[in-house]
**Q** 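Please see the structure below; I have some questions.
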Amino acid sequence: MQILDGTATAAHIKEQIKKDAEKMIAEGGKTPHLAVIMVGQNPASAAYVGAKVRTCKELGFNSTMLHFETDITEHHLLDQIHQLNNNDDVDGILVQLPLPEHISPDKVINSISPLKDVDGFHPITQGKMLLGQPTFLPATPYGILLMLEHYNINTDGMHCVVIGRSNIVGTPMSILLSRNGKPGNATVTLCHSRTRNLSDITITADLIVAAIGRPKFVTADMVREGAVVIDVGINRIDDASKKSGARLVGDVDFDNVAPLCSYITPVPKGVGPMTICGLMKNTLEAAKMHAYVN
Ligand code: NAD
């Protein structure tokens, strides 16, 4: 069994992104600039946003962080996004989800210019992805593809089972694994909360992507010997032995599943750092595009 080390893989890819950005700037291009919007005080969101802003700094990118109180109106938030869309120096815009209930995430996502949609959530971006046209890939599935590529895991002809059908992880992951491309060319089964006899399906998988949001949901009896397991879940559970009283676990029962696997991602330090890599690669591509257009 080999651990798919997200931290080490991300460090390697970030080094390449940094060099690529330096080359672009040396050739007269612009410094990539990511704008991050956060609404409210959700501690998990604050941690994700902090990591994204820190990574920008590490790569020599510019970043702008806009933090609004929970009572910001939808209209005001949309207006802020509009201003960022029209700001020629800003290459990528990211709105950290979830948003407060009075703000429609669909309206917010739809208001981001597809040219700056580095999280890959806009309907135009996702439509292009579906059709196999060049576009920004959603950051988490993109990060997982980068991880598979880095470890030379060939998904051609594999049966991949994706558990979870969200627009940001499960559904795009299923499309990308089944596309005619590399990594891709897999036969994909997309499972969700209404799937019957889930373990009968997962036990036949060569590769499982778990994106459910339930701690230790994928157990050893659901995984066949030699499978690749990618754990997207981030769940906070009580742990009295920790100073904070809690720790993070994935959607996979790691201790019991890992001995069965050929490869497995840990949580933390698995998919999380790769998601940031996907985002940064998209931001660099956006900057290249804008440098060319402007
Ligand atoms: P979501 O809540 O939008 O979707 C969860 C999916 O799980 C749904 O499609 C649902 O059908 C499915 N599901 C729920 N119960 C099920 C069951 N009993 N059997 C089968 N399927 C079931 O979640 P999401 O946004 O896709 O996120 C999933 C998890 O991944 C969360 O823990 C989230 O925090 C984590 N996440 C991690 C990263 C990262 O970078 N590591 C990025 C995004 C999300």
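When a ligand or atom number is given, it counts from 1 through the structure's own listing order. All residue numbers refer to positions in the sequence shown, counting from 1.
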**Q** Does Lys18 use its side chain to pair, donor to acceptor, with the backbone of Gly60 at less than 3.5 Å?
**A**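 The answer is no, because no donor-acceptor pair under 3.5 Å joins these two groups.
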**Q** If a pair satisfies salt bridge (Lys or Arg N to Asp or Glu O under 4.0 Å) and one of its residues is in residues 52-71, list it, with sequence neighbours excluded.
**A**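 Sorted pair list: Lys14-Glu58.
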**Q** Which protein residues have a heavy atom under 4.0 Å from ligand 1?
**A**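 For ligand 1, the contacting residues are Thr140, Ile163, Gly164, Arg165, Ser166, Ile168, Val169, His192, Ser193, Ala211, Ile212, Gly213, Arg214, Phe217, Val232, Gly233, Ile234, Asn235, Val271, Gly272, Thr275.
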**Q** Among pairs that include at least one residue of residues 166-183, which meet salt bridge (Lys or Arg N to Asp or Glu O under 4.0 Å), considering only residues two or more places apart or in two chains?
**A**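 Listed by first then second residue: Asp156-Lys182.
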**Q** Between CD of Gln83 and CG of Asn85, what distance do you get to the nearest 0.5 Å?
**A**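 That separation rounds to 10.0 Å.
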**Q** Apart from Leu260 itself, which Ile, Leu, Val, Met, Phe, Trp or Tyr residues share its cluster (side-chain heavy atoms under 4.5 Å, direct or through members)?
**A**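 When side chains under 4.5 Å apart are linked, the cluster holding Leu260 also contains Met1, Ile3, Val161, Ile163, Leu198, Ile201, Ile208, Ile212, Phe217, Val218, Met222, Val223, Val229, Val252, Phe254, Val257, Ile264.
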**Q** Under a plain distance cut-off of 3.5 Å, with no hydrogens placed, do Asn86 and His82 share a side-chain donor-acceptor pair?
**A**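 There is such a pair (donor and acceptor under 3.5 Å, judged by atom type) between the side chains of His82 and Asn86.
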